[in-house]
Number of protein chains: 2
Amino acid sequence: MREIRAGLADVARRAGVSPATASRVLSGSGPASAASRAAVLAAAGQLGYQPHPVARRLARGTGTRVVFAVRDDRADILLDPFVTRATAAMAAALDPYDIGVSLRRIGLECAADLEDLAADRGLAAVVLAGHDRALLSCLPSGLRGRTAAIGAGGADVDSAAGVGALLTHLYAAGRRRIALVAGPSWLASSAPPVAVYTELTRAAEMPTRVVRGDFTSDKGRTAARAILDRWPDTDAIASVSDATALGVLQTLADAGVRVPDDVAVTGFDDIPLAGAAHPALSTATHPVEQIAAAAARAALGEAAPIALFPSTPVFRATA
Amino acid sequence: MREIRAGLADVARRAGVSPATASRVLSGSGPASAASRAAVLAAAGQLGYQPHPVARRLARGTGTRVVFAVRDDRADILLDPFVTRATAAMAAALDPYDIGVSLRRIGLECAADLEDLAADRGLAAVVLAGHDRALLSCLPSGLRGRTAAIGAGGADVDSAAGVGALLTHLYAAGRRRIALVAGPSWLASSAPPVAVYTELTRAAEMPTRVVRGDFTSDKGRTAARAILDRWPDTDAIASVSDATALGVLQTLADAGVRVPDDVAVTGFDDIPLAGAAHPALSTATHPVEQIAAAAARAALGEAAPIALFPSTPVFRATA
DNA sequence: CTGTTAGCGCCTTCAT
DNA sequence: ATGAAGGCGCTAACAG
C-alpha cells in the first residue's frame, strides 16, 4: 500500500507548484494564493504527506527536545513524585509537537549548567524548577525567550490560597497553636505559604512556629518530633506537602498523640494516597500535571509564561 | 569569549584533514590513523566543538526521540505512578544521548497506533508497556529492531521471586487461607505472580483465591470487600501493588478486621509511602527506574532487550 | 586510510 | 504570489 515516503518535492510536483510554495503552505507561514494553497493541501492529503520533523527542525534551527532542569542539591531529587509527575505530564503534552523531554538535575550553583543548556543546539526550550528569586532574571542570553519556570514566577499553584484555606479552617475549628512545616528557604515557591501563615498568626495573635522541611516524609517525621519537643502544646501541624504530612502522622502516632483530637494535621498536594492514609489526610489540591503542561507550552512560546492554578481544600479526617 | 559556533568544517580545517575524516573520528565509527585522530581530537577540544545533534540525526536517518507507548484502556493511565516513574527515569537516562522522551497512551487494540509510530520519522525508538503475549511478536516491520518492552518478555522485575518470597513468608507464619489480588488478565506481566501463587496453594493444598485488580487503591478497596464477602475465613491478602494493598488495608480497617492479627497483608513495589502507612506495609521491591532505563537503552540498541531485575521482600508490620 | 562528492528533507532569502 | 538556488551541519558511498 504505502510505497516510498512522500516528501515535500512529491507534494509540490503533484500540486503543480514549486517546493518553496508547498513549504510555505504546509509550514503555515508565508504567502500563497488560495488556488495553490488548495492544490498543495489536496496533494498532501492524497499522498499522506507528513513532514520530517528532524529535517524541519534542522532547517529552522530550532531544537527537538525540551529539558526539564530541576535545581536541587539532593542527588535523588529526580525520584521525587513532583518531578516524575511533571516530567510525565510534559512528555505527554509535547508529544503532539514532535518534541521529546529530557530530565536533568542541576546544582544550586547552576550558572555553568545553564551555560551548558544554552550551548546545546539540540534544545528547543528549557523548563526550570527549583529556582530562587535571582535565577530567572539572569539567565544566559541563549536561553532567554525559550525558558519557562515551574513555581514562583512561572506556572505555579496558588499555594497561598490553598494553605490559607486550610489554616483558616484550623483556626475556625478552634486551633490556636498551629505549627507550619514549610519548604526549604532557598526555594522561591516556599515563600507564599509562609507568608499567609505568618499573616494569620500575627493577625490572630497566635505564636509563629515554622519548621523547614523538604517535601519528603522523612523530614515530616523529624519535623514533627522537633515540634513536639520544642512546643509541646501545639494543637495543629500544617505541612506544605502530603508526603511530609504522612511522616508527621507517623511520628504523632508513635508518640501516642491522637489525630485530630490532640493535634490536627493538614497536608498539601492531595496525592492519591492521601485518602488512603489512616486517618485520611485533609489537604489541598495541586494540579501538577496542568502546571507542568502549561510550563512546557510556555517554554515553546505556545502559552503565557506565568499563570496561577487554583488549589482547593479537601477536608477528610485529620483536620 | 565564544565567537560563532565551531562546526565540523572548522575542526577539520584546523586539524588539517577533510571533514569526512573529522566526522569519522568524532562520530566514533570508521577508520582513521592515530595521527589524524589525535589532530582532530585536539582541534575539537581547542575549539570547544560540539556536534549538532539534529543535523547528525538527520544525516543518519535516525530520529531524535523515544516514545513511551503505554497500552491500556483507562484514559488516566498516564497519571499512574508506575508510568510517571518510568517516564522520568527514561527522560533522565536518555538525556546524555541527546534524545528526548514522549509519552503516549495506546488502546488495547493498538495495531493502528503502532503503524502511526512506525510511520513517524522523528522517532529513534519505542518503549512499550502493557503488552500482552501476542503483541511483541507482530510489531510493524518499521519498528523491529528499535522497540523494547517493559514487562514480561522485556525488561521486567522478577515478580515471581518477590511475590514468592512474600507468600512463603505468609505460609511460614501459619497463614493457610491466602487470597491474591492480581493484575488484570490481559496484561502479560500479571501471569508470573499468579503462577507462583497457584503453585504454592496447590503444593500446600490451600484454597486458591484470586481476584483481579488493576494496581489502583480503589480496586484494592473493592477487592478486599469481595474477598471478605466471598471467603470470610481468609487470613492473608497478598497484592501485586502497594497502592492496592493500601486500599485493602483501608477496607479491612473499616470492617474492623485487625492487621496483621486477623489478616496479614502484603503489597508489591515498596513505594516510599509503604513505610509510612499504618500499620507499615510489608512488600517487595520493584526497581522501576532501573527497569525503565534499561528498556530505553535496549530500544536504542545499547543494552540487552530482555532482563530480569531482582525483587527482595521488605518485612514491616502487616505481615 | 583519506578526500571528494552527494545527499538527508526542509526552509528561506532573493529575484522575478 | 511564485520559483530558483543556497544552506542548515553532518554522514555515507565511492574512489583513490
Side-chain angles (χ1 to χ4, degrees), chain A residues 3-41 43-44 47-65 97-99 119-124 142, chain B residues 3-41 43-44 47-65 97-99 119-124 142:
Chain A
E3 42 253 51
I4 209 67
R5 201 106 236 114
L8 185 56
D10 303 310
V11 174
R13 198 173 312 122
R14 194 172 225 276
V17 300
S18 76
T21 302
S23 171
R24 283 188 276 258
V25 171
L26 292 169
S27 66
S29 73
S33 70
S36 42
R37 161 161 286 115
V40 169
L41 259 21
L47 264 42
Y49 169 76
Q50 286 188 253
H52 189 137
V54 184
R56 175 171 272 185
R57 291 229 151 69
L58 173 60
R60 272 206 262 254
T62 64
T64 62
R65 56 178 189 137
Y97 295 88
D98 291 315
I99 286 197
D120 186 338
R121 291 120 104 205
L123 250 59
Chain B
E3 41 253 53
I4 209 66
R5 226 95 239 95
L8 186 55
D10 303 310
V11 175
R13 196 173 312 120
R14 193 171 227 276
V17 300
S18 75
T21 301
S23 170
R24 282 188 278 257
V25 171
L26 293 169
S27 65
S29 74
S33 70
S36 43
R37 160 161 289 116
V40 169
L41 259 19
L47 265 42
Y49 169 77
Q50 286 188 250
H52 188 138
V54 184
R56 174 171 272 188
R57 290 233 150 66
L58 172 62
R60 271 207 262 253
T62 65
T64 63
R65 57 180 186 137
Y97 295 87
D98 291 316
I99 286 198
D120 186 337
R121 290 122 103 204
L123 250 60

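Each chain gets a letter, A, B and so on, in the order the sequences are listed, and its residues count up from 1. Quick caveat: nothing in here was measured; it's all calculated off a predicted structure.
- Between the side chain of B:R24 and the base of C:dG3 there is at least one donor-acceptor pair of N/O atoms closer than 3.5 Å.
- Out of C:dC8, C:dC11, C:dG3, the shortest distance to the side chain of A:S27 is found at C:dC11.
- Interatomic distance, B:L41 CG to B:L26 CG, rounded to the nearest 0.5 Å: 6.5 Å.
- Rounded to whole Å, the distance from CG on B:D10 to C1' on D:dC8 is 14 Å.
- Taking the nucleotide of DNA chain D with the nearest heavy atom to each of B:R60 and A:A34, the more 5' of the two is matched to A:A34.
- Each of A:P31 and A:P19 was assigned the nucleotide of DNA chain D with the nearest heavy atom; the assignment lying further toward the 5' end belongs to A:P31.
- Candidate nucleotides D:dC10, C:dC10, C:dT2 were compared by shortest atom distance to the side chain of B:R56, and D:dC10 ranks first.
- Between atom CG of residue B:L58 and atom CZ of residue B:R121 there is a gap of 10.0 Å, rounded to the nearest 0.5 Å.
- Each of D:dC10, C:dC10, C:dG3 was ranked by its minimum atom distance to the side chain of B:T21; first place goes to C:dG3.
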Checking A:D120 against B:Q50 for the side chain to side chain contact (heavy atoms under 4.5 Å, CB included) test, could you report, in this order, the C-alpha distance in whole Å, the side-chain angles of both residues, the deciding distance, and whether it holds? CA-CA 8 Å; A:D120 186 338; B:Q50 286 188 250; 6.0 Å; no
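- For the pair A:L26 CG and C:dG9 P, the interatomic distance rounds to 16 Å; values are reported in whole Å.
- Contact annotation for A:P51: backbone-only contact, meaning every heavy-atom pair under 4.0 Å involves sugar-phosphate atoms and none involves a base.
- Taking atom CG of residue B:L47 and atom P of nucleotide D:dC10, one finds them 12 Å apart after rounding to whole Å.
- Distances shorter than 4.0 Å separate none of the side-chain N or O atoms of B:S23 from OP1 or OP2 on D:dA12.
- Rounding to the nearest 0.5 angstrom, the gap separating the CZ atom in B:R56 from the OG1 atom in B:T64 is 14.0 Å.
- Between A:R5 and A:D10 there is no salt bridge, since no side-chain nitrogen of the basic residue lies less than 4.0 Å from a carboxylate oxygen of the acidic one.
- Within the nucleic acid shown, B:G61 has no heavy atom closer than 4.0 Å to any nucleic acid atom.
- For the pair A:R121 CZ and D:dC8 P, the interatomic distance rounds to 11 Å; values are reported in whole Å.
- Comparing B:S33 and A:Q50 by the nucleotide of DNA chain C whose heavy atom lies nearest to each, the residue mapping closer to the 5' end is B:S33.
- Distance, B:H52 NE2 to D:dC10 C1': 10 Å, rounded to whole Å.
- Of the candidate nucleotides C:dC10, D:dG9, D:dT2, C:dC10 has the atom nearest to the side chain of A:A55.
- The shortest distance between the side-chain N/O atoms of B:Y49 and the OP1/OP2 oxygens of D:dC10 is below 4.0 Å.
- Using a 4.0 Å heavy-atom distance criterion, A:L58 is classed as a base contact.
- Here C:dT12 presents its P atom at 12 Å from CG of A:L8, a figure rounded to the nearest Å.
- Distance B:R57 CZ to C:dG7 P: 24 Å, rounded to the nearest Å.
- Using a 4.0 Å heavy-atom cutoff across all strands shown, A:A20 reaches at least one base atom of the nucleic acid.
- In this structure a side-chain-to-backbone donor-acceptor pair under 3.5 Å is present from A:R57 to A:G63.
- Among the heavy atoms of the strands, none lies under 4.0 Å from B:V54.
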